[in-house]
Amino acid sequence: MDGLHDLGGKQGFGRVKYPSAPQNESWRPLVRGLHAFAIESHIYNMDEFRHAIERMTPRHYISAPYFERHLTAIATLLIEKGIATREELESLVDGEFPLSGPSGPGRLPFAPQSFAIGETVRVKNEFVSGHVRVPAYIRGKTGTIVHVSTPTPFPDAAGHNMPAEIEPTYDVRFRARDLWPDTSDEALNHVAVFQSYLEKVESA
Amino acid sequence: MDGLHDLGGKQGFGRVKYPSAPQNESWRPLVRGLHAFAIESHIYNMDEFRHAIERMTPRHYISAPYFERHLTAIATLLIEKGIATREELESLVDGEFPLSGPSGPGRLPFAPQSFAIGETVRVKNEFVSGHVRVPAYIRGKTGTIVHVSTPTPFPDAAGHNMPAEIEPTYDVRFRARDLWPDTSDEALNHVAVFQSYLEKVESA
Amino acid sequence: MTDTKREAPASPEKRAAALEIVLRRKADMPKNFVAEFTEHADDAWITANGAQMVARAWTDPEYRARMLVDGTAAARELGFEFPEHHRNLVVLENTPTVHNVIVCTLCSCTAYTIIGAAPDWYKDLDYRARVVRESRTVLREMGLDLPATTEIRVWDTTADTRYMVLPMQPPATTGWPVQKLATIVTQDSMIGVTRLEQVKG
Amino acid sequence: MTDTKREAPASPEKRAAALEIVLRRKADMPKNFVAEFTEHADDAWITANGAQMVARAWTDPEYRARMLVDGTAAARELGFEFPEHHRNLVVLENTPTVHNVIVCTLCSCTAYTIIGAAPDWYKDLDYRARVVRESRTVLREMGLDLPATTEIRVWDTTADTRYMVLPMQPPATTGWPVQKLATIVTQDSMIGVTRLEQVKG
């Protein structure tokens, strides 16, 4: 989905708070542990979890600390999976329990293709309302494959609990100046891209 | 700038709060009046004002009510124009006075071109760090001119208090399905586009 | 800087008051400026202006034709103000099969001198984000369920052109005098999130 | 729904506690699960793991070569865990003229079993938004002022491949034993926001 979580290249942000200030969120280990249990018990998978975070209302997403985003996603998925109800959670906290918004449709992987290291590829100009792992800054852009990974489940399906065939992901190299002409620092930008997101570039 | 203010087509938002609830922001008329005075006195122009709003920190922009965005821009510009200092404002409110972030560079208009009603045009694939009035959802897209307006000052220059030649703006018609393939309602989308943002499309 | 900066800023009231002090002290803002501006805006920049233009267009085919060619001139012809930075008023004609709806995705521009100050929902981030991409869905959620055959035209106010919708006249009001017709024209209908056909005579 | 919903939600502590109750009651989460998981994570998934890999690579050219071909196998060779959904570990070699830096723009993925839990700044929206587009500027702001001749390679963790940077060995540490070398390898150097050349012997 074209959500506000898709932050790469967005402007108006400020200095990184580095080094990080000491934190006093005593509930962090609990949230991390609950999430680990839910994954281990196959209550949801990592793609469903990431998508549930992306579906948070924009204001909540932008303002919540990292582990509050996690607990919001856990709560949302527990409700969507029928393990809890919203009323139950609100009653347990005796107050408001903000949740993520509804999900768009998932989709299955595309027919297998094959790309080789060194090959020039294009990221499809796709707009996907469900879970997707193409950052907007490479949509429609052309790059070069520099690494091929072990196949992994297609997130656009896995994020919606649909049958997710495994497929390779490719580390694709772009030039910053092609992604943001005249308005970036010079760099080689690498993005890990699932096979279904790529298309062949006709050789001239 | 590619800021979070550029919201057209972003997903994850919810139902419009319609009809609007009664508001109790008693300070609205004051903010509106102060802004009107600043414009009338040429302390800043409308493009500088819009850009100052866009430069708010993302979390502040997303969470602040509309007229708080206005007052933040007024305060930022009064400081940038040398009329007030940050310390003065903080002292007057006896507390924190959030301001907008720094500005990127402005730019001058391009050499005049000419487009006619009915002509197919392309929105340049430009990335502009300063003020710009091209919503990201039409960047690089092709549409048809349906109306030509009276010339107005080029906002990328005016927003930075640079000499802003006037130039026509065009109402350009796009198809929603070309802007967001497969993931939009069917519609004709019209956007008012300054001449400098457009380029000719070679006829086949 | 977005995650941990959690100190509460001064209230908007206090911040607005501070700006007023600065503008008076340093920019010679007259004591009555805000009060007089507010009075003028509240008196002069009202929905009734656009409503009069619409009612006139319904009853005067020549005015309607002029309005569709040059909305700015049509507004001035009825004596309505147009600020310097609203260079153009473009009037968008609804028909039985065409529906126009206005938005400003980048901020919240409107032809406020003609249709009145923008309502809060128009400035809502949800409206700005969604109506361009999900026009039919958003209109339906807001109570306007358009037939599948209606062509939707969305207008994004990204330059100094200002738009207003010319709604269709409700059949039940045929023959009404212009001043009575003006009373049924709502701001929402001139933005394009409602139609007026159901208005009863 | 973004502008006016201003009621304060329950505290994160309370919300987390409620989720714990639900998972115990309805999903049979064992009483000690969280405590045991936390202990395991804090003991096993630590920066020292990656540091040992780096130190070994500095002192063992064959291990270094294996690591650059298959980081996952190189991690397992030293006995470090790799969770199921981290399918690949790719090790990125810094050189005198190449600098690698890692980010996850869409969320905040890291090879946490190898380099330890991600620091807060890595999860910062500012880091996620900016380091891909303004890499040199952001690194300089964070204290790493790279020469203009250094090629910057940014890696966005958008799939199940996890990255770690293999920093260059500081000249002053030549000849050190591997366990002593491991003590100077920081998490930040394996993410790529610092280099270690200035480390003193």
Side-chain angles (χ1 to χ4, degrees), chain B residues 5-10 13-20 23 26-27 29-31 33-34 36-37 41 43 46 50 53 57-59 66 68 71 74-75 78 83-84 88-89 92-98 133 135 137 147 149-150 152 169 171 176 180 184-185 187-194, chain C residues 1-2 7-10 12-23 26-27 29 33-35 37-38 41 85 87-88 90 103 105-108 119-121 123-138 141-143 151-161 193:
Chain B
H5 71 281
D6 188 358
L7 287 169
K10 289 288 178 295
F13 286 86
R15 288 179 82 94
V16 180
K17 291 179 294 292
Y18 177 82
S20 305
Q23 57 90 11
S26 57
W27 42 280
L30 176 55
V31 171
L34 298 176
F37 176 76
S41 314
I43 293 174
M46 276 303 296
R50 290 196 192 101
I53 294 175
T57 62
R59 195 173 85 161
Y66 182 76
E68 182 178 342
L71 80 79
I74 299 169
L78 290 182
I83 293 172
E88 185 179 5
L89 292 180
L92 281 167
V93 299
D94 194 22
E96 201 202 336
F97 201 130
R133 294 288 290 181
Y137 72 84
H147 180 259
S149 77
T150 318
T152 53
T169 65
D171 290 338
W180 304 283
S184 72
D185 290 347
L188 296 175
N189 283 80
H190 305 77
V191 182
V193 187
F194 281 81
Chain C
M1 71 173 74
T2 44
E7 320 85 44
E13 289 87 338
K14 277 176 111 169
R15 282 180 276 158
L19 297 177
E20 183 180 22
I21 290 170
V22 166
L23 283 171
K26 307 261 192 92
M29 185 172 72
F33 184 89
V34 171
F37 175 83
T38 301
H85 68 280
R87 305 275 173 135
N88 300 271
V90 168
V103 63
T105 60
L106 296 176
C107 40
S108 294
D120 284 355
W121 62 260
K123 299 180 274 194
D124 206 347
L125 306 188
D126 306 278
Y127 183 76
R128 288 167 50 193
R130 292 182 62 212
V131 79
V132 287
R133 186 164 180 173
E134 301 179 76
S135 50
R136 188 174 295 272
T137 305
V138 169
E141 288 173 3
M142 294 173 76
E151 175 179 286
I152 299 178
R153 298 181 183 176
V154 185
W155 300 79
D156 193 352
T157 314
T158 44
D160 286 338
T161 300
V193 297

Novice: Checking B/Ser41 against chain C: side chain, backbone, both or neither under 4.5 Å from a heavy atom?
Specialist: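 B/Ser41 has no heavy atom closer than 4.5 Å to chain C.
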Novice: Taking every heavy-atom pair that is under 4.5 Å apart, which of B/Pro19, B/Gly9, B/Pro29 has the most such pairs with chain C?
Specialist: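 It is B/Gly9.
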Novice: In the structure I gave you, are the side-chain heavy atoms of C/Asp120 and B/Lys17 within less than 4.5 Å of one another anywhere?
Specialist: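 Of all side-chain heavy-atom pairs linking B/Lys17 with C/Asp120, none is under 4.5 Å.
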Novice: Taking side chain as C-beta onward, heavy atoms only, is B/Leu34 less than 4.5 Å from C/Met29?
Specialist: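 A side-chain contact exists here, since the closest heavy-atom pair is under 4.5 Å.
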Novice: Picking from C/Ala16, C/Pro12, C/Ala10, which has the most non-hydrogen pairs under 4.5 angstrom with chain B?
Specialist: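 Top option by heavy-atom pairs under 4.5 Å: C/Pro12.
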Novice: Mind listing the closest non-hydrogen atom pair of C/Val154 and B/Ala187 along with its distance?
Specialist: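 Nearest pair, atom of C/Val154 first, then B/Ala187: CG2-CB, 4.2 Å.
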Novice: Do you know the tightest heavy-atom contact between C/Ala18 and B/Phe97?
Specialist: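 Minimum heavy-atom contact is CB-CE1, 4.4 Å.
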Novice: Roughly how far, to the nearest 0.5 Å, is the CZ atom of C/Arg128 from the CG atom of B/Asp6?
Specialist: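 One gets 9.0 Å once the value is rounded to the nearest 0.5 Å.
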Novice: Does B/Leu7 reach the side chain of C/Val132, with side-chain heavy atoms less than 4.5 Å apart?
Specialist: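 B/Leu7 vs C/Val132: side chains apart.
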Novice: Between B/Trp180, B/Phe194, B/Tyr137, B/Trp27, which residue shows the highest count of heavy-atom pairs closer than 4.5 Å to chain C?
Specialist: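 So the answer, after comparing B/Trp180, B/Phe194, B/Tyr137, B/Trp27, is B/Trp180.
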Novice: Measuring from atom CG of B/Leu89 to atom CG of C/Leu19, what distance do you get when rounded to the nearest 0.5 angstrom?
Specialist: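 Separation between the atoms: 6.0 Å.
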Novice: A side-chain contact here means heavy atoms from C-beta on lying under 4.5 Å apart; do B/Ile43 and C/Leu23 qualify?
Specialist: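 Side chain of B/Ile43 against side chain of C/Leu23, heavy atoms only: contact under 4.5 Å found.
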Novice: How long is the straight-line distance from CD of C/Glu13 back to CG of B/Leu71, given to the nearest 0.5 Å?
Specialist: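 Rounded to the nearest 0.5 Å, the CG-CD separation comes to 10.0 Å.
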Novice: Closest approach of B/Gly14 and C/Asp126, non-hydrogen atoms and distance?
Specialist: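 Closest heavy-atom pair between B/Gly14 and C/Asp126: N-OD1, 2.8 Å.
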Novice: In terms of heavy-atom pairs under 4.5 Å with chain B, which of C/Met142, C/Glu134, C/Lys14 leads?
Specialist: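 Most heavy-atom pairs under 4.5 Å with chain B: C/Met142.
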Novice: Shorter than 4.5 Å, heavy atoms on both sides: which option in C/Leu106, C/Val22, C/Val34 has the most such pairs with chain B?
Specialist: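 Maximum pair count with chain B is reached by C/Leu106.
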Novice: Taking B/Gly95, B/Ala176, B/Ala36 one by one, which has the highest count of heavy-atom pairs under 4.5 Å against chain C?
Specialist: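 If we count pairs closer than 4.5 Å to chain C, B/Ala36 comes out on top.
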Novice: Run the side chain to side chain contact (heavy atoms under 4.5 Å, CB included) test on B/Asn189 and C/Asp156 for me, step by step, so that the C-alpha distance in whole Å, both residues' side-chain angles and the decisive distance to 0.1 Å come before the verdict.
Specialist: CA-CA 8 Å; B/Asn189 283 80; C/Asp156 193 352; over 6 Å; no
Novice: Under 4.5 Å, counting heavy-atom pairs only, tell me which of C/Pro119, C/Cys107, C/Ala17, C/Ala35 racks up the most with chain B.
Specialist: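 Most pairs with chain B among the choices: C/Cys107.
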Novice: At what distance, to the nearest 0.5 angstrom, does NE2 of B/His147 lie from CG of C/Asn88?
Specialist: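 That separation rounds to 6.0 Å.
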Novice: Rounded to the nearest 0.5 Å, what separation is found between the CZ atom of C/Arg15 and the CD atom of B/Glu96?
Specialist: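 Between C/Arg15 CZ and B/Glu96 CD, I get 8.5 Å after rounding to 0.5 Å.
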Novice: Please report the interatomic distance CG(C/Asp124) to CZ(B/Phe13), rounded to the nearest 0.5 Å.
Specialist: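 Rounded to the nearest 0.5 Å, the CG-CZ separation comes out at 9.5 Å.
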Novice: Checking C/Ile21 against chain B: side chain, backbone, both or neither under 4.5 Å from a heavy atom?
Specialist: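 Just the side chain, heavy atoms under 4.5 Å.
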Novice: Please give me the minimum heavy-atom distance between C/Lys26 and B/Ala84, naming the atom from each residue.
Specialist: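 Looking at all heavy atoms of both residues, the shortest contact is NZ-CA, 4.1 Å.
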Novice: Could you check which of C/Thr158, C/Ile152, C/Thr105 has the highest count of heavy-atom pairs closer than 4.5 Å to chain B?
Specialist: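 The answer is C/Thr158.
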Novice: Is B/Ile83 in contact with chain C via its backbone, its side chain, both, or neither, using a 4.5 Å heavy-atom distance?
Specialist: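 Both parts, backbone and side chain.
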Novice: What part of C/Val90 is in contact with chain B, defined as an atom under 4.5 angstrom from a non-hydrogen atom: side chain, backbone, both or neither?
Specialist: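 Only the side chain of C/Val90 comes within 4.5 Å of chain B.
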Novice: For the residue pair C/Arg136 and B/Asp185, what are the closest heavy atoms and their distance?
Specialist: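 Nearest pair, atom of C/Arg136 first, then B/Asp185: N-OD2, 3.1 Å.
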Novice: Determine whether a donor-acceptor pair (N or O, by modelled atom type, separation under 3.5 Å) exists between the side chain of B/Ser20 and the backbone of C/Trp121.
Specialist: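 Present.
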Novice: Relative to chain B, which segment of C/Ser108 carries a heavy atom at a distance below 4.5 Å: side chain, backbone, both, or neither?
Specialist: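 Both backbone and side chain of C/Ser108 come within 4.5 Å of chain B.
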Novice: So which atom in C/Ala159 and which in B/Thr169 form the shortest heavy-atom distance, rounded to 0.1 Å?
Specialist: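 That closest heavy-atom pairing would be CB-CG2, 3.7 Å.
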Novice: Check the orientation of C/Trp155 and B/His190. Use parallel for under 30°, tilted for 30 to 60°, and perpendicular for over 60°.
Specialist: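 Taking B/His190 first and then C/Trp155, their aromatic rings lie parallel (interplane angle under 30°).
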Novice: Is it the backbone or the side chain of C/Tyr127 that comes under 4.5 Å from a heavy atom of chain B, or both, or neither?
Specialist: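 For C/Tyr127, backbone and side chain are both near chain B.
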